[in-house]
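Each residue takes its place number in the sequence, starting with 1. Atom set for the values below is all heavy atoms of this structure, side chains included, hydrogens, waters and symmetry mates excluded.
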Amino acid sequence: MKNRLYTFITGLCLLINMAWAQQKIVVFQSDFGLKDGAVSAMKGVAMGVSTELKLFDLTHEIPAYNIWEAAYRLEQTVAYWPAGTVFVSVVDPGVGTERKSVVLKTKSGHFIVTPDNGTLTLLAESVGIAEVREINEAVNRRKDSGKSYTFHGRDVYAYTAARLAAGVISFPQVGPLLPKQVVSLPYQKAGRAGQSLKGTIPILDVQYGNVWTNITADLFQQLGIAVGQSVRVRIFHQHQKVYEDMLPYVETFGGVAEGKPLVYLNSLLQVAFALNQGNFAETHHIGSGSEWSVELSR
């Protein structure tokens, strides 16, 4: 009786694993750009697995080799897709080396196919790891691609993601189970220090030059600053102060005159800085990443 119950539960878990991956949706992210055929090749491999797949792009404009930005764009986007969606993230300066090729299943039921090189840093923290599996390339690799060492995005990641999304393989069939941990990039986590808030500038709103921080709305409320009041903003690069000013906290860009600076909550409900109809980052030579930090106070 116990053996039959165990078999039933095991089979049920396998079906759940397969169902979660069978949305037939694959979302691609890379630092390839669209100047050549790399992205199209990945999509071609996926369609070769199943023409029923629905293929989408997150972005292919990650700056070359910028693993941190890849991590941020995943965290920014994944939650808005249905559980079971399979993401392919290929920012892989170590392609062909000993870094692991993995599929992470988040606690929200999303799947990320990627090199384990720091790309999973933020999702692992914010959403949580359900399981991590190393891709078994003896099974989950495009046929006759064994002599190619520099395009795993096409030969391993797109192929594995397509097989998983189409239900050709279940999640356990990706490969061996790994510990619930991933390579993590260091960065300044948001928090309170006395009468100030400290955080990092994880990303720029690149189209407009707005500067986004990782300081949440809930944390910002601890300063007790109401709409219309001013915030002291200090920005540091490698611990050297590069900007300081008192900026008004407003709800919309139109809350200040054209060209004037402001503090606001961005679409992720995190503190950000902008110039109304201007480019804050370009004007003040502000960048993003783990070397950039910010401090807010009254």
Side-chain angles (χ1 to χ4, degrees), residues 27-34 56-81 87-93 106 110 112 114-115 117-127 182-191 197-220 231 233-239 242-243 247 249 253 261-296:
V27 182
F28 291 90
Q29 168 176 274
S30 76
D31 59 351
F32 297 161
L34 296 173
F56 300 92
D57 297 309
L58 193 163
T59 181
H60 297 289
E61 301 303 324
I62 300 291
Y65 319 122
N66 193 325
I67 297 168
W68 172 262
E69 186 158 329
Y72 188 88
R73 295 303 180 198
L74 284 173
E75 186 182 39
Q76 179 186 10
T77 308
V78 164
Y80 298 100
W81 288 83
F87 292 81
V88 177
S89 183
V90 190
V91 178
D92 194 13
T106 68
H110 299 89
I112 320 297
T114 186
N117 59 5
T119 300
L120 298 167
T121 298
L122 298 175
L123 274 181
E125 291 180 3
S126 63
V127 182
V182 293
V183 173
S184 184
L185 301 175
Y187 70 98
Q188 170 70 59
K189 294 179 173 60
L197 304 179
K198 293 186 176 182
T200 193
I201 299 174
I203 209 77
L204 300 179
D205 185 357
V206 290
Q207 181 68 16
Y208 303 104
N210 302 334
V211 174
W212 287 13
T213 79
N214 64 340
I215 297 174
T216 65
D218 290 342
L219 188 57
F220 182 64
V231 186
V233 175
R234 298 182 181 91
I235 298 175
F236 302 85
H237 182 237
Q238 295 181 330
H239 307 292
V242 297
Y243 177 86
L247 306 184
Y249 167 48
F253 302 110
L262 60 122
V263 174
Y264 71 104
L265 297 178
N266 65 19
S267 59
L268 301 179
L269 297 182
Q270 294 172 326
V271 175
F273 320 126
L275 293 179
N276 183 17
Q277 299 183 49
N279 190 311
F280 191 102
E282 185 178 276
T283 298
H284 298 292
H285 309 290
I286 306 300
S288 64
S290 60
E291 296 178 342
W292 290 86
S293 58
V294 61
E295 182 177 318
L296 305 180

Inset, instruction - Just do the side-chain contact (heavy atoms from CB on, under 4.5 Å) check on Leu265 and Tyr249 with the steps written out, would you? - result: CA-CA 9 Å; Leu265 297 178; Tyr249 167 48; 3.8 Å; yes
Legend entry - Parallel, tilted or perpendicular, as decided by the 30° and 60° cut-offs, for the rings of Trp81 and Phe87: perpendicular
Inset, instruction - Quick one: pull up CG in Leu123 and CD1 in Ile112 and give me the separation to the nearest 0.5 Å. - result: 5.5 Å
Legend entry - Nearest heavy-atom neighbours spanning Val91 and Ala70: CG2-CB, 3.7 Å
Legend entry - Rounded distance (nearest 0.5 Å) linking atom CD of Gln29 with atom OG1 of Thr114: 8.0 Å
Inset, instruction - Could you tell me whether the side chain of Asn266 reaches within less than 4.5 Å of the side chain of Asp205, counting heavy atoms only? - result: no
Legend entry - Rounded distance (nearest 0.5 Å) linking atom CG of Asn276 with atom CG of Asn210: 10.0 Å
Legend entry - Exercise: identify the closest heavy-atom pair between Val27 and Asp57: CG1-C, 4.1 Å
Inset, instruction - Give, for atom CG of Leu204 and atom CH2 of Trp212, the distance between the pair rounded to the nearest 0.5 Å. - result: 10.0 Å
Inset, instruction - Specify the closest pair of heavy atoms between Pro202 and Trp68, including all atoms of both residues, with the distance to one decimal. - result: O-NE1, 2.7 Å
Legend entry - Under 3.5 Å: donor-acceptor pair, side chain of Asn117, backbone of Thr119: yes
Legend entry - Intermediate values then yes/no, side-chain contact (heavy atoms from CB on, under 4.5 Å), His237 and His285: CA-CA 10 Å; His237 182 237; His285 309 290; over 6 Å; no
Legend entry - Least distance between heavy atoms, Val294 atom then Thr213 atom: CG1-CG2, 3.9 Å
Inset, instruction - Report the distance from atom CD1 of Ile235 to atom CD of Glu295, rounding to the nearest 0.5 Å. - result: 11.5 Å
Inset, instruction - For Ile67 and Gly118, work out which heavy atoms get closest and say how close. - result: CG2-C, 3.6 Å
Inset, instruction - Under the side-chain contact (heavy atoms from CB on, under 4.5 Å) rule, what do Gln76 and Leu268 come out as? Steps first, then yes or no, please. - result: CA-CA 8 Å; Gln76 179 186 10; Leu268 301 179; 4.0 Å; yes
Legend entry - Nearest non-hydrogen partners of Ser30 and His60, listed with the distance: OG-ND1, 2.7 Å
Legend entry - Close side-chain approach of Val242 to His284, heavy-atom, < 4.5 Å: no
Legend entry - From Asn66 atom CG to Asp31 atom CG, the distance as rounded to the nearest 0.5 Å: 8.5 Å
Legend entry - Residue pair Leu74 / Leu58, side-chain heavy-atom distance below 4.5 Å: yes
Inset, instruction - Answer yes or no: is there a side-chain heavy-atom contact under 4.5 Å between Val127 and Val78? - result: no
Legend entry - Derivation of the side-chain contact (heavy atoms from CB on, under 4.5 Å) call for Ser89 and Arg73: CA-CA 10 Å; Ser89 183; Arg73 295 303 180 198; over 6 Å; no
Legend entry - Greater than 12 external heavy atoms within 6.0 Å of Glu282's CD: no
Inset, instruction - Report yes or no: do Gln188 and Ser293 form a side-chain donor-acceptor pair below 3.5 Å? - result: no
Inset, instruction - Please answer whether the main-chain N or O of Trp292 pairs with a side-chain N or O of Thr200 as donor and acceptor at a distance below 3.5 Å. - result: yes
Inset, instruction - Please say which of Arg234, His239, Gln238 ends up in a side chain to side chain contact (heavy atoms under 4.5 Å, CB included) with Phe236. - result: Arg234
Legend entry - Plane angle bin for Phe273 and Phe280 - parallel if under 30°, tilted between 30 and 60°, otherwise perpendicular: tilted
